[in-house]
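Worksheet for the structure shown next.
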Protein chains: 2
Amino acid sequence: MSIHSNYGIICSLMIAATATARRTASREKRRHQLIDATMKCIARKGMGSTTLGDVAREAGLSQGIVNLHFESKDNLLKETLASLANEYREQFDKTLHRSGPRPADKLLALLELDFRPSICDRRKLAVWFAFWGEVKSRPTYRRMCDESDRYYDSVIEGLCAELIAEGKYKNIDAMTAADALSSMTNGLWQACLISPQTWDRRKATNAVMSYLRSVFPRHYKQ
Amino acid sequence: MSIHSNYGIICSLMIAATATARRTASREKRRHQLIDATMKCIARKGMGSTTLGDVAREAGLSQGIVNLHFESKDNLLKETLASLANEYREQFDKTLHRSGPRPADKLLALLELDFRPSICDRRKLAVWFAFWGEVKSRPTYRRMCDESDRYYDSVIEGLCAELIAEGKYKNIDAMTAADALSSMTNGLWQACLISPQTWDRRKATNAVMSYLRSVFPRHYKQ
DNA sequence: CAAAAATGAATGAGTATTCATTCAAATTAT
DNA sequence: ATAATTTGAATGAATACTCATTCATTTTTG
């Protein structure tokens, strides 16, 4: 995303400035460009009907370009999922480390992150769901998603455990609370994807907050 | 493959069932059979790689059979989603009307329904997610899912409203509670699909119950 | 110039759809 | 009842088309 908009800007600047647009880009740039095009195509046409021709056209490049940089369509898709997952993880970790210092603030920041425009965006959600829809038949996708999920769950669970200790909450254990929060996020993304007229980021945030308030009332007031 | 092996299979099924071997079945029976085969194929191979040949083979019938009964692959998929949605709705309505009489019992029954084996089954979840994964690019799928969701949400919200009135709960409104519950269910299905080793139906039910207990403590004890 | 990057036409495997034909079952006639 | 006729479900080979992949050629870079 940022990479791509930057790329576009840089390109136009170069064209304007030097009148010699680079026709060849570094390997990493091209790969990002192609992955970005792939996501756009998946969001617009669906994973099953996205062809390598579509991706190349979306990227403004030629037919054979994907095989040149990714060897196969299968590989392109795997790398696309990896890129999507990486991007989320970077934001997650950045949020985790920059927020705080209290666990209540960290937890809140992480949950709010999930409904920030850069993440809770229908185009991007469509891509996530496209991959989740293939999870049963593609063990690799499942493994990749599972691995990330476990990491996030463990962080959330740790934060919940701290809140429970701090607030001396009874009747709730950290794992259950973390499970509920993580699954609520996923379910709310689904709602944003399927019912955009009924759901928006604010409403989704509300639903999560209501859970936080009722389970950790001493940390999240009102 | 040949007429004879198909004939043999169908014969034995029919003989067992009706004692009258038939090579031809009623239109509705065949359609159901084909939809069932479609779901099996989607769960096993994914939506994108499921071919009409796969479906026909899975059903033990011949190549052209799907177009004969459904005109097109597109139509077969739409009808498959419709069938899946219908099946859920029937169970939902049955549960709604048979449980009770108190709203707390009805709500609990509806939430437990979502994690009963017949519904929270990885094969079936895979099919749901396959369709959700195409929602952005297929307006029809989106509309179908959206329509159902609204109905379920409205029922759940009604029940929450009754609980809130009965229990004089403050700090929670029916819509927020219903939103949280519905989205949690969807998120938990995702967890069951992606992390079957970590998640099972019992754990998922737990997560939902924890929310119920913390939001409606006077109705769901302990 | 050599190496790397990119092109885009050609290939061929695969697949949705069509349709002439077969055949079991139901209907009608004898 | 038996035979003749009609029906329409089912088949599966043939068709037309799409698309991933390859590669000879061209363009760009250093």
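Reckoned from all heavy atoms, side chains included, excluding hydrogens, waters and symmetry mates.
Heavy-atom distances to DNA chain D give each of A/L68 and B/G64 a nearest nucleotide, and the one nearer the 5′ end belongs to B/G64.
D/dT21 atom P lies 13 Å from atom CZ of A/F70, rounded to whole Å. As rounded to whole Å, 8 Å separates atom P of C/dT17 from atom CG of B/D74. Rounded to whole Å, the distance from CZ on A/R27 to C1' on C/dA6 is 12 Å. Summarising the geometry, the separation between CZ on B/R31 and P on D/dG8 is reported as 17 Å, rounded to the nearest angstrom. C/dA9 atom C1' lies 16 Å from atom CD1 of A/I65, rounded to whole Å.
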Might you list the N or O atoms of the protein lying below 3.5 Å from N or O atoms in nucleotides 18-20 of chain D, with each pair's distance?
unit_1 : atom_1 : unit_2 : atom_2 : d
D/dA20 : OP1    : A/K73  : NZ     : 2.6
D/dA20 : OP2    : A/L52  : N      : 2.7

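Note on B/R57 versus B/D54: salt bridge recorded, some NZ/NE/NH1/NH2 to OD/OE distance being below 4.0 Å.
Residue A/H69 places at least one side-chain N or O under 4.0 Å from the OP1 or OP2 atom of C/dA6. OP1 or OP2 of D/dA9 has not a single side-chain nitrogen or oxygen of B/R30 nearer than 4.0 Å.
The closest side-chain heavy-atom distance from B/V127 to A/K136 is not below 4.5 Å.
For the pair B/R202 and B/F115, the cation does not sit on the ring face, since its NZ or CZ is not both under 6.0 Å from the ring centre and inside 45° of the axis.
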- Task: Using the side chain to side chain donor-acceptor pair (under 3.5 Å) rule, take B/S195 and A/D146 through it: C-alpha gap first, then chi angles, then the decisive distance, then the call.
- Result: CA-CA 6 Å; B/S195 313; A/D146 189 21; 2.7 Å; yes
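Applying the ring-ring contact (aromatic ring centres under 6.0 Å, His included) rule to B/Y152 yields the partners B/Y88, B/F92; only residues at least two apart in sequence or on another chain are considered. Here B/W128 pairs with B/W132 under the ring-ring contact (aromatic ring centres under 6.0 Å, His included) rule; sequence neighbours left out.
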